[in-house]
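All heavy atoms count here, side chains included; hydrogens, waters and symmetry mates do not.
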Amino acid sequence: MSHRPPSPFPGRRGVLRGSLAASAALALPSAVGAAPAFALSGRPKAEWGVQAGDVTTHSGHVWVRSDRPARMIVETSATESFRRPKRWHGPLLGADTDFTGKVPLRGLPAGEQIHYRVTLADPHDYRRTGEPVLGTFRTAPDKRRQGVRFLWSGDIVGQGWGINPDIGGLYAYEEMRRLNPDFFLCSGDTIYADGPLSASVTLPDGRVWRNVTTEEKSKVAETLAEYRGNFRYSLLDENVRRFNAEVPTIIQWDDHEVVNNWYPGEILTDARYTVKDVNTLATRARKAFSEYFPISTLPSTGEDGRVHRVVHHGPLLDVFVLDMRTYRNANSPDRQPDDTNGILGAEQLVWLKRELARSRAVWKVIAADMPLGLVVPDGATDIEAVAQGDPGVPLGRELQIAELLRFVKHRRITGTVWLTADVHYTSAQHYDPSRAAFKDFAPFWEFVSGPLAAGGFPANALDGTFGPDRVFIKAPTTANVSPMESSQYFGEVDIDGDSGELTVRLRATGGSVLFTKVLQPGRVGQ
């Protein structure tokens with residue numbers, strides 16, 4: 001069934017490891033502080049590694065960060081030897097983007113391994129260049145027989161659990177890298193800007209968890225510099241840098257990139273914050289987010305563009321990346337009988353319906369940063385996600401989801417699958433109108449997988465409005481279980497090129513597959 005063996009490019013990893021030695025072997029890059037040091041002598045360095053993102057059949061984006069002002073230069077090649085490379089001249093990296101930059105690559109061959117190297121040049125003397133840093137990725141196939149395989153998860157460095165050298169750092173990234181996926185879908189909570197780290201935490205059994213700490217992670221993020229430092233934090237980990245060099249990403253955001261459970265217009269009451277206006281915090285966080293990930297729709301200014309987008313991955317797969325944060329209405333008990341704004345905003349819903357109807361891909365993965373039928377509370381009375389615990393007819397944000405599900409059924413849109421993270425456990429929910437208060441939709445599956453490097457939490461209650469049946473669940477029984485005490489979780493999706501079957505595997509760190517579900521192509525519901 002698998003469209004290729006787990007590691008079809010063994011040679012590339014040896015080359016990558018050698019090229020990354022100058023940066024990845026530095027367990028903590030020298031620029032641990034807030035900003036690069038201008039007084040450093042020598043040549044520009046890319047100690048934070050490289051990343052590729054939003055890779056399609058013929059395009060992708062490459063990211064890097066310099067330790068000082070530099071010109072970004074990218075070369076691509078079909079071979080590891082870089083014979084006859086193609087050169088791409090990138091931006092001048094400076095303080096306005098925290099010395100980060102990305103280069104769009106166009107006209108790439110479909111379904112091929114692309115080798116790239118990023119060189120940083122002194123802006124005053126282009127002959128003075130730093131050590132090139134290598135990366136690689138596969139472009140999406142233009143023929144369905146090649147198949148597609150990807151991983152997804154979310155929730156990274158949350159609840160006080162950071163990079164712990166005693167357990168090998170963010171070790172889940174190394175386990176994912178060894179599976180050699182085509183890409184990784186990060187389902188939000190890429191950082192915990194509202195979650196400071198302490199140097200050590202005593203666990204219930206008496207063991208001590210040790211964190212790598214930085215100045216920016218010592219308090220809640222409020223300034224642009226503090227948000228940038230939060231995004232840099234994971235890049236201190238060698239596992240993450242190695243993973244980024246070999247596996248391209250599709251990134252979305254949720255709440256912890258800004259502050260827990262935020263919504264536009266919110267005024268904080270949290271005493272830890274001197275900046276109470278969430279819109280101000282979100283503007284700063286969005287700029288840092290745009291600087292630190294290679295997202296096709298977000299320029300590094302963070303002022304224009306958007307997080308929601310479609311990433312086309314050949315004839316088998318379209319990934320619809322939702323933004324359930326930027327356009328939502330205020331959190332509330334969420335039982336209003338009319339709600340045109342909902343959790344997506346009116347314009348994003350129109351966009352999603354249009355793009356789903358246009359899609360000709362066999363499978364349409366809807367990447368949601370929050371689950372649909374799981375009740376996620378915000379305090380004692382308000383609701384953070386979609387479901388509000390009333391199992392009756394749709395109310396509040398459920399109205400918007402009902403409209404979308406009705407549209408999918410009536411337009412006979414085949415192959416929709418929902419993927420998410422957010423709740424810090426792994427589960428599989430099947431939604432069916434025969435069990436639901438709302439009947440006008442086709443059955444579908446929602447799969448949850450996370451956290452990747454954060455605290456684990458007990459299962460959320462189900463809301464019966466859309467008839468969910470929890471077919472599988474693996475969750476702790478107590479709150480905020482550390483990664484030292486419990487597995488971390490990620491999911492795998494494997495689309496077979498010959499049959500078109502989509503197989504979902506819910507995985508735990510340590511190599512175990514907890515649950516498997518095979519879905520058939522060409523169906524409106526199943």
Original post:
Do I156 and C186 come close enough that some side-chain heavy atom pair is under 4.5 Å?
Top reply: yes

Original post:
Under 3.5 Å, is there a donor-acceptor pair between the side chain of S66 and the main chain of F99?
Top reply: no

Original post:
Got a second to check how far L93's CG is from M72's CE, nearest 0.5 Å?
Top reply: 7.0 Å

Original post:
Would you say the side chains of S59 and T56 form a donor-acceptor pair under 3.5 Å?
Top reply: yes

Original post:
Out of curiosity, Q146 CD to D496 CG, how far, rounded to the nearest 0.5 Å?
Top reply: 12.5 Å

Subject >> R328 side chain near P264 side chain, heavy-atom distance below 4.5 Å >> reply: yes

Original post:
Between CG of L419 and CG of L322, what distance do you get to the nearest 0.5 Å?
Top reply: 10.5 Å

Original post:
Taking the side chain from D67 and the backbone from K45, do they hold a donor-acceptor pair closer than 3.5 Å?
Top reply: yes

Original post:
Hey, are D122 and R43 close enough for a salt bridge, meaning a charged N less than 4.0 Å from a carboxylate O?
Top reply: no

Original post:
Hey, mind stepping through L502 and D494 against side chain to side chain contact (heavy atoms under 4.5 Å, CB included) and telling me if it holds?
Top reply: CA-CA 6 Å; L502 182 148; D494 194 342; over 6 Å; no

**OP:** First locate atom CZ of R83, then atom OG of S77, and finally report the distance between them rounded to the nearest 0.5 Å.
**Re:** 9.5 Å

Original post:
Between CZ of F490 and CZ of R505, what distance do you get to the nearest 0.5 Å?
Top reply: 11.5 Å

Subject >> Pair R232 + D98: basic N to acidic O under 4.0 Å >> reply: yes

Original post:
What pair of heavy atoms forms the shortest contact from A140 to G314, and how long is it?
Top reply: CB-N, 3.8 Å

Original post:
What about the rings of F184 and F243, do their centers lie closer together than 6.0 Å?
Top reply: yes

Original post:
Is a side-chain donor or acceptor of K217 paired with a backbone partner of Y233 at a separation under 3.5 angstrom?
Top reply: no

Subject >> Donor + acceptor pair across side chains of T119, E75 (<3.5 Å) >> reply: no

**OP:** Assess the side chains of W152 and S449: does a donor N or O sit below 3.5 Å from an acceptor N or O?
**Re:** no

**OP:** Verify side chain to side chain contact (heavy atoms under 4.5 Å, CB included) between I343 and Q400, making sure each step is shown before the conclusion.
**Re:** CA-CA 8 Å; I343 199 165; Q400 198 175 59; 4.0 Å; yes

**OP:** Report yes if some heavy atom in the side chain of K287 is under 4.5 Å from a heavy atom in the side chain of L224; otherwise report no.
**Re:** yes

Original post:
Taking the side chain from R149 and the backbone from N180, do they hold a donor-acceptor pair closer than 3.5 Å?
Top reply: yes

Subject >> Side-chain heavy atoms of M370 within contact of V386, under 4.5 Å >> reply: no

Original post:
Got more than 12 heavy atoms from elsewhere within 6.0 Å of CZ, R354?
Top reply: yes

Original post:
Quick one: does NZ or CZ of R117 land under 6.0 Å from the six-membered ring centre of F82, within 45 degrees of the ring axis?
Top reply: yes

Original post:
Rounded to the nearest 0.5 Å, what separation is found between the OH atom of Y126 and the CD1 atom of I73?
Top reply: 7.5 Å

Original post:
Does the pair D498/R144 count as a salt bridge with the N-to-O cut at 4.0 Å?
Top reply: no

Original post:
Looking at side-chain heavy atoms only, is the closest gap between F289 and I191 below 4.5 Å?
Top reply: no

Subject >> T249 and Q51: CA distance, side-chain angles, deciding distance, side chain to side chain donor-acceptor pair (under 3.5 Å) verdict >> reply: CA-CA 8 Å; T249 58; Q51 302 178 55; 4.6 Å; no

**OP:** For residues L170 and A453, report the shortest heavy-atom separation together with the two atoms involved.
**Re:** CD2-CB, 3.9 Å

Original post:
Would you call E384 and R325 a salt bridge, using N to O less than 4.0 angstrom?
Top reply: yes

**OP:** State, to 0.1 Å, how close V258 and A285 come at their nearest heavy-atom pair, and which atoms those are.
**Re:** CG2-CB, 3.6 Å

Original post:
Checking D189 side chain against G154 main chain: does a donor-acceptor pair fall under 3.5 Å?
Top reply: no

**OP:** Check the side chains of H313 and D318 for a donor-acceptor pair under 3.5 angstrom, ignoring hydrogens and angles.
**Re:** no

Original post:
Is D182 paired with R138 through a side-chain N to carboxylate O contact shorter than 4.0 Å?
Top reply: yes

Original post:
If every non-hydrogen atom of L92 is compared with every non-hydrogen atom of P123, which pair is closest and at what distance?
Top reply: CD1-CB, 3.5 Å

Subject >> Test item: E492 side-chain N/O and V504 main-chain N/O as donor-acceptor pair under 3.5 Å >> reply: no

Original post:
Any side-chain heavy-atom pair from V362 and P315 closer than 4.5 angstrom?
Top reply: no

Original post:
Does any non-hydrogen side-chain atom of D155 lie less than 4.5 Å from one of Q488?
Top reply: no

Original post:
Do side-chain atoms of W363 reach the backbone of G500 as a donor and acceptor pair under 3.5 angstrom?
Top reply: yes

**OP:** State plainly whether the residues R177 and E174 are in salt-bridge range, i.e. N to O under 4.0 Å.
**Re:** yes

Original post:
Hey, is E246 close enough to R242 for a salt bridge, meaning N to O under 4.0 Å?
Top reply: no

Original post:
When the ring planes of Y327 and H308 are compared, do they come out parallel, tilted or perpendicular, using 30° and 60° as the limits?
Top reply: perpendicular

Original post:
Under 3.5 Å, is there a donor-acceptor pair between the side chain of N260 and the main chain of H256?
Top reply: no

**OP:** Could you check Y116 against V50 for side chain to side chain contact (heavy atoms under 4.5 Å, CB included), going step by step and ending with a plain yes or no?
**Re:** CA-CA 10 Å; Y116 68 91; V50 289; 3.5 Å; yes

**OP:** Let me see the working for Y292 and R65 under side chain to side chain donor-acceptor pair (under 3.5 Å), right down to the final yes or no.
**Re:** CA-CA 8 Å; Y292 273 84; R65 183 179 192 257; 3.0 Å; yes

Original post:
Would W253 and D369 satisfy side chain to side chain donor-acceptor pair (under 3.5 Å), going step by step from the backbone distance to the final call?
Top reply: CA-CA 7 Å; W253 77 346; D369 44 296; over 6 Å; no

Original post:
When F320 is tested against each of T416, V365, L356 for side-chain contact (heavy atoms from CB on, under 4.5 Å), which residue passes?
Top reply: L356

Original post:
Where do G168 and D237 come nearest, in terms of heavy atoms and distance?
Top reply: O-OD1, 4.5 Å

Original post:
So, does R71 use its side chain to make a donor-acceptor pair with the main chain of G90 at under 3.5 Å?
Top reply: yes

Original post:
Taking E446 for the side chain and Q429 for the main chain, is one N or O donor matched with an acceptor at less than 3.5 Å?
Top reply: no

Original post:
Mind checking whether F515 and F447 have parallel, tilted or perpendicular rings, split at 30° and 60°?
Top reply: tilted

**OP:** Take E355 and R309 through the test side chain to side chain contact (heavy atoms under 4.5 Å, CB included) and record every step on the way to the result.
**Re:** CA-CA 9 Å; E355 295 301 322; R309 61 203 187 277; over 6 Å; no

Subject >> Polar side chain donor-acceptor pair, T190 to E257, under 3.5 angstrom >> reply: yes

**OP:** Can you see which heavy atom on S487 is nearest to which on A508, and at what distance?
**Re:** CB-CB, 3.9 Å

Original post:
Any chance the rings of F231 and F293 have centres within less than 6.0 Å?
Top reply: yes

Original post:
Can you find a pair of side-chain heavy atoms, one from V423 and one from V448, that are under 4.5 Å apart?
Top reply: yes

**OP:** Answer yes when R228 and E216 have at least one side-chain N-carboxylate O distance shorter than 4.0 Å, and no when they do not.
**Re:** no

